[in-house]
Amino acid sequence: MLLLLSGDGCRKSNPSPAPAPAAAADTVARLHWLGIQGLARDTNTANFLSVWNLPESQQLLAQTLDKLTLALTGELPGGGSNQLSVISNRLSVTSNQLSVASNQLSVASSLAFITNRLSTSSTPLAVKLRPLLEDLALAEAYVELRQATNQPGELALAIRLDEQRAGLWTSNLTAVLGSFINVQSLPAPANCSTWRLPFAPPASRLDLARAGEWTLVGVAAETNRLLAELSQRIRADKTPATAPGTASSLQMDPTTRKLRPAPGSPPATNNWLDADLDLGRLSSALGLHRTWPAGLPRLAVTVSGAGGEVRTAGELKFPQPLPYEEAAWNIPTNMVHQPLMSFTAIRGFRPWLESQRVWQQLGLGAAPGQVCFWAQQGVPFLSYGAAPLPDASNCVARLTERLLNEGNAWVSTNARTSFMRTEHTNGVELSAPFMTPYLQSVQVGGSDYVQGGLFRPGPGKNSPAPPALFHEVTRRVNLVAYDWELTGPRLEAWFQTSQHFRMLFFRKQLLPDSASVKALFAAVPRLGNCVTIVTRTAPDRLSFVRRSAIGFNSVELNLLAEWLESPQFPRGFYSRDRYRPPLRVKSRSGTNSVPVPPRR
C-alpha cells in the first residue's frame, strides 16, 4: 500500500499514474531525537550520560518501558495495575539493545540494565513490542505529523537501525499486528508491509518500509504521502529530518511531480532534540476527538550540549496577543536571606489572573502583577514567597475569612488539618505537624506585600542575599520570569514537602524504594545549578532558555516521578487518587479524638 511518490522505499515494477494534486498540509508536529547512541558521540554529554548510566536510572528506564509496553498492548486489564510480570528466564540482553557497529560507544555498558522483564507466557505481545520501544530511546528517530484543512492527519516515523535490528522490527510488528482480530494484511511491494487497521479514520492504515539506514512506519487514512517524502529526504540528505525553521528540505518538481532537494536547503542540526509542536491542533491531527483548552501555543524547542551542561531553548507562539502588563520590578530584597538554594521572579500576569474565574469568585479585588519565591537551605520547609500589592491588608483579610469558613468546611472531610487566624499578624495559617504554612500582609521598605511561606522564620539573623542575584533579574530587557536553583538540594526539599502534603490530604506517598525515587536521589550529587529565563519577544510570543545538568528543574523532576509511578501509566499521577480518610473516634473521656489508621 505504501505509495512513495518518487519510487523510493517501496518500489513498484509498473509505476501508477500520477495522483491528483493533494491539498496543502500543515506540519502539526515535528520531532528529531538524536538518541542515546548519538549523544555518546557528543563531548558535552559526559554529565548527562553519567546520570543516564546510573544503575537506578537504568532500572527506572526498564520499569517505564515495561509499563508502557503493557499499556499499549492492553495486557494490563484497564490499566489498573503496575505489577509487571518478571520471570527468571529473562530475554537475552543482546536481543534488546542496539547493535553498535565498528566501535563500542560509552553508553553501551549501561544497556546491560535494559532487559526485557516481561513474561513470555502471559504477555506475548508485550515481549514483541518491548524491544521496539527500547529502540526509540536509544536510536536516532524522527517523527512528523501533518494535516490538511478538514482532513485526517498523516503520521510518519523514521528510526535509524542496522539491518539486523530492522529485521526485528519487521518480524515483531508483523507478529503484533497479526495477533489482533480484524487487522487485514494488504498487498504491498517488496520490502514493504501494509495493514488495514480496524479503526475508523483518520488512523486506519499502517505501512512499514525501509529506506537506506532507516526503518519507516506510517499511519494514515489512505495513501501516506508524508512517508513518501521522508523516504525522499533520506535518499537526498541521508536523514529524514528537515532543518529547523523550514517546512521541508525538498520541493515538488512541477513537471515530473516528484520530490527533489530544494536549492540551498540547509542540513539538519546536531541538536540532541529538535521539536516543533502545534499544541492546539495535536488532538485533531491525531484523531483523539478530545477538546483541548483554547488558545494553546505553537511550541518550538531545541536541546543541546554546551560547556558540559544541557541547554534548552525555545519559543511559545500564541494565536492571540497575551494578556500582559509589564511593570518595574519590586523585589522584596529585605526578606530574602542566605543560605539560598532557589530564587524565582515572575511578572506581567495581572490581566491574565484577573480574567480567571477562580480569582473573580474569590472576590479579593485587584490581583498582584508580580511575585517572588525563594527557598533557604536547611530543613525542607524553608520556602517563601511575596507579591507586592497596594491593598495587601484588605486582600489578606478577605481571603482569611473565606478560608476560615469555606476552607475549613472543605478540609474537615478532605485533610487532617485546619485553617486558623494568626495571633500577631493580619493573616491565616494552616495547622500541620513539622511546618506552619501561613499567609499574611506585611509592609517592607514602604511597600505592601502579600507574604507567605511553609515555615515561619526564626528570630536569628540571616545574611542578606547577594545583590548580584537581584541584578540578574533587573538588568534584563523584556524579562517575564527568572528562576535559579541548586537542583539537588531543592529536589530533596520539594520531595519531602510534597510527601508531607500527600499525608495531610490523604494521598498515597511515593515509596522510598520505588524506581523513580531511587533514581532521583541517586542523581542528586550530579544536578548542579539550573537557570531558566523567559522573555517576551512579541505581543504573542514568549522565548525561553535554560542551562541545567540534565534538562529538568527540581519541580519537573518531582512531577516526572509522580507520573512514572502512576498505576495507570502513561495516564494520571501516582497521588491522584485519595485513600479512605482515617475515621475519628471519641476517646473514653469524650473530649479527644484518636485517628484510626486508614484502610488502604
For the pair Tyr142 and Glu144, evaluate side-chain hydrogen bond (donor to acceptor under 3.5 Å, both in side chains) and give the outcome as yes or no after the intermediate values. CA-CA 7 Å; Tyr142 178 84; Glu144 188 167 335; 2.5 Å; yes
For Trp352, does its backbone N or O pair with a side-chain atom of Gln356 as donor and acceptor, under 3.5 Å? yes
Step through it carefully: locate the ring centre of Phe48, locate the ring centre of Trp272, and say whether they are under 6.0 Å apart. yes
Just wondering, do Asp276 and Arg298 contact through their side chains at under 4.5 Å, heavy atoms? yes
What about the rings of Phe455 and Tyr384, do their centers lie closer together than 6.0 Å? no
Salt bridge check, Asp513 against Lys518: does any charged N sit closer than 4.0 Å to a carboxylate O? no
With a 4.5 Å heavy-atom cut-off, do Pro332 and Val444 have their side chains touching? no
For the residue pair Gln377 and Gln338, confirm or rule out a side-chain donor-acceptor distance under 3.5 Å. no
For a 4.5 angstrom cut-off between non-hydrogen side-chain atoms, does Leu136 reach Leu157? yes
For a quick check under 3.5 Å, do Arg507 and Gln499 share a side-chain donor-acceptor pair by atom type? no
Begin from the C-alpha positions of Arg456 and Glu429 and carry the test salt bridge (charged side-chain N to carboxylate O under 4.0 Å, His left out) through to its verdict. CA-CA 10 Å; Arg456 289 193 176 274; Glu429 63 185 28; 3.6 Å; yes
To the nearest 0.5 angstrom, please state how far the CD atom of Glu485 sits from the OG1 atom of Thr532. 7.5 Å
Any side-chain heavy atom of Trp374 sitting closer than 4.5 Å to one from Thr344? no
Does atom OH of Tyr438 have more than 12 heavy-atom neighbours, drawn from other residues, nucleotides or ligands, at distances under 6.0 Å? yes
Measure the shortest side-chain to side-chain distance between Met435 and Leu504 over non-hydrogen atoms and say whether it is less than 4.5 angstrom. yes
Say whether, by atom type as modelled, one donor and one acceptor occur between the side chain of Asn558 and the main chain of Ser554 under 3.5 angstrom. yes
Would you indicate whether the side-chain heavy atoms of Leu138 and Gln37 approach each other to under 4.5 Å? no
Is the gap between the ring centers of Phe495 and Phe521 under 6.0 Å? yes
Between atom CG of Leu316 and atom CZ of Arg536, what is the distance when rounded to the nearest 0.5 Å? 13.5 Å
Does one side chain, of Arg502 or Ser575, offer a donor that lies under 3.5 Å from an acceptor on the other? yes
SB check Glu565 Lys508 (cutoff 4.0 Å): no
Spell out, as yes or no, whether a donor-acceptor pair under 3.5 Å connects the side chain of Ser514 to the backbone of Leu511. yes
Under a 4.0 Å N-O cut-off, is there an ion pair linking Arg546 with Glu556? yes
So, Asn553 side chain and Val555 main chain: donor-acceptor pair closer than 3.5 Å or not? yes
If I take atom OH from residue Tyr482 and atom CD1 from residue Ile346, how far apart are they, to the nearest 0.5 angstrom? 13.5 Å
To the nearest 0.5 Å, what is the distance between CH2 (Trp494) and CG (Leu520)? 14.5 Å
Student check: side-chain heavy atoms of Arg165 and Pro131 closer than 4.5 Å: yes
If you round to the nearest 0.5 Å, how far is CE of Met341 from CD of Glu492? 9.0 Å
Whether the side chain of Ser57 engages the backbone of Asn53 through a donor-acceptor N/O pair (distance < 3.5 Å, no angle test) should be reported. no
Ring geometry between His500 and Phe434 (parallel below 30°, tilted from 30 to 60°, perpendicular above 60°): perpendicular
Checking Arg490 against Ser342: is there a side-chain donor and acceptor pair closer than 3.5 Å? yes
If you round to the nearest 0.5 Å, how far is CH2 of Trp169 from CG of Leu161? 6.5 Å
Quick one: are Asn529 and Leu486 in side-chain contact, heavy atoms under 4.5 Å? yes
